[in-house]
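Some notes on the structure that comes next.
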Amino acid sequence: MVAQEINKGSPQTWNILEGHGFTTLSLAETLGGGQSFVWDQDATGVWHGVINQVMIRLRIDGSLLEWQTNNPRCFSKKALLHYLWIDATYQDAIDTLPWRSDLILAKCMDSLSGLRILRQPLDETLFYFLLSPVKSIPQIKETGRKVSETFGPSLGSGRHGFPGWTRLSEVSEKELRDFKMGYRAKNVAGTAQFIKNHPNWLESLQELSYNDARTEIMTLPGVGGKIADCVLLFGAGMLQAFPIDTWIDKVLTQRYHLDDWSLKQKLSFAHLHFGDFAGLAQQFFFSSERLRLL
DNA sequence: GGGCAGGTTGACA
DNA sequence: TGTCAACCTGCC
């Protein structure tokens, strides 16, 4: 289906993104490693995804990172550089992390050179992470894709975008359950109603400090500390957010020997030790542990 | 069939 | 403040 679209009319040229620093591995972990659920890799290694309701393709060819879109009028190279965090602030963040004195972190960063935190839309990120408790990445993608196909805008080639919370607020909890959400349907429906009744509330979180935004977003049904940190890190660019899931907990317990520390104490340790870019460190740990690179 | 998983919540000590 | 079961679904 996707291939037909690509071959329709004149073949599209691949555009080059300079100065990216990705490897095949770090690009795969960035797009498919659990911070985003809208990217799929085909058999030829090309990544197909959606950014701001526009279909985008990405591939690594040698040392080149290349991209193309079916909709160049609605999408700019600048938008893609922003989404992929390809700018000078990434190198600043890397330099700021305490890898010089932390051999565990240094090893993870070395194995996954170029790994990024994506700058994703806040509304969509909140939706996907409400689906995430005790679900695997393929399950979250499947449910999200089916909800988008049913309620979201068609983007061509059979692909659909995120419907938005306004549209989701018109869908009953019972209907949502048919998408295999289980008990999460109640949280999605409750969140949709809250957002409908509080216009601009979600956007206004971006203006708050990390601590205030975290407290605020945890008032939503189904959003505890872990999901709050995921949404703020991946959807609001708050890079100090440090989501602790079972993988990260394992790293802190086994590698940093915090065996008897409570979750709250581990969180304090992470903020103190990793600093303003703790979330980026977290992503290096997450992928390293998941891929058994540590 | 039973147990468990990338989490949250409410009950209870 | 900490522990525990329940919640859906899919997979081993």
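Numbers restart at 1 for each chain; the letters A, B, ... are given by sequence-line order, proteins then strands.
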Exercise. Does the ring centre of A:Phe285 sit less than 6.0 Å away from the ring centre of A:Tyr256?
Worked result: yes
For this session: With heavy atoms under 4.0 Å as the rule, sort A:Arg184 into base, sugar-phosphate or nothing.
Result: base
Exercise. Got a donor-acceptor pair under 3.5 Å from the side chain of A:Arg290 to the base of B:dG6?
Worked result: yes
Problem set entry | Within 45° cone and under 6.0 Å: A:Arg59 NZ/CZ vs A:Trp14 ring | yes
Exercise. Starting at the 5' end of DNA chain B, which residue's closest nucleotide do you reach first, A:Thr246 or A:Leu220?
Worked result: A:Thr246
For this session: Please lay out, stage by stage, how A:Arg159 and A:Asp40 fare under the test salt bridge (charged side-chain N to carboxylate O under 4.0 Å, His left out).
Result: CA-CA 12 Å; A:Arg159 189 94 199 216; A:Asp40 296 294; 3.8 Å; yes
Seminar exercise, completed: Picking from C:dC8, C:dG2, B:dG7, the nucleotide nearest the side-chain atoms of A:Arg177 would be C:dC8
Problem set entry | Selected nucleotide, minimal atom distance to A:Val134 side chain, candidates B:dG6, B:dG7, C:dG2 | B:dG7
Exercise. When the distance from CD1 of A:Ile140 to P of C:dT9 is rounded to whole Å, what number comes out?
Worked result: 15 Å
Exercise. Which of parallel (below 30°), tilted (30 to 60°) and perpendicular (above 60°) describes A:Phe22 and A:His20?
Worked result: parallel
Exercise. Rounded to whole angstroms, how far apart are CG on A:Asp245 and C1' on B:dG6?
Worked result: 5 Å
Exercise. Within the structure shown, what part of the strands sits under 4.0 Å from A:Ser132 by heavy-atom distance: base, sugar-phosphate, or nothing?
Worked result: nothing
Exercise. Please give, in whole Å, the distance from C:dC11 P to A:Glu142 CD?
Worked result: 10 Å
For this session: For DNA chain B, list all stems, counting runs of three or more consecutive pairs where every pair is Watson-Crick or G-U wobble with both distances under 3.5 Å.
Result: B:2-5 with C:9-12, B:7-13 with C:1-7
For this session: Can you tell me, in whole Å, how much space there is between the C1' of C:dG2 and that of B:dG6?
Result: 23 Å
For this session: Determine the contact category for A:Gly222: base if any of its heavy atoms lies under 4.0 Å from a base atom, sugar-phosphate if only primed atoms, P, OP1 or OP2 are that close, otherwise nothing.
Result: sugar-phosphate
For this session: Select base, sugar-phosphate, or nothing to describe what A:Ile137 touches, counting heavy atoms under 4.0 Å on all strands.
Result: base
For this session: May I ask you to check whether A:His273 and A:Phe242 place their ring centres under 6.0 Å from each other?
Result: no
Exercise. Roughly how many Å is it from CG in A:Asp260 to P in C:dT3, rounded to a whole number?
Worked result: 11 Å
Exercise. Nearest-Å distance, CZ (A:Phe234) to P (B:dG6)?
Worked result: 15 Å
Exercise. A:Gln282 has an atom CD; how far is it from atom P of B:dG6, in whole Å?
Worked result: 14 Å
For this session: Name the nucleic acid region contacted by A:Leu130, choosing base, sugar-phosphate or nothing; use a 4.0 angstrom heavy-atom cut-off, strictly under.
Result: nothing
Exercise. So A:Trp39 and A:Tyr83, would you call those rings parallel, tilted or perpendicular, with 30° and 60° as cut-offs?
Worked result: tilted
Problem set entry | 5' priority, DNA chain B, between A:Gly33 and A:Met218 [closest heavy atom] | A:Gly33
Problem set entry | Listed nucleotide nearest any side-chain atom of A:Lys180, set B:dG6, C:dG10, C:dC8 | C:dG10
Exercise. Side chains of A:Gln68 and A:Thr13: donor-acceptor distance under 3.5 Å anywhere?
Worked result: no
Exercise. Would you call the rings of A:Phe234 and A:Phe129 parallel, tilted or perpendicular if under 30° counts as parallel and over 60° as perpendicular?
Worked result: parallel
Problem set entry | Whole-Å gap separating P (B:dG6) and CZ (A:Phe242) | 17 Å
For this session: Could you state the atom-to-atom distance from CD of A:Gln265 to C1' of C:dG2 in whole Å?
Result: 12 Å
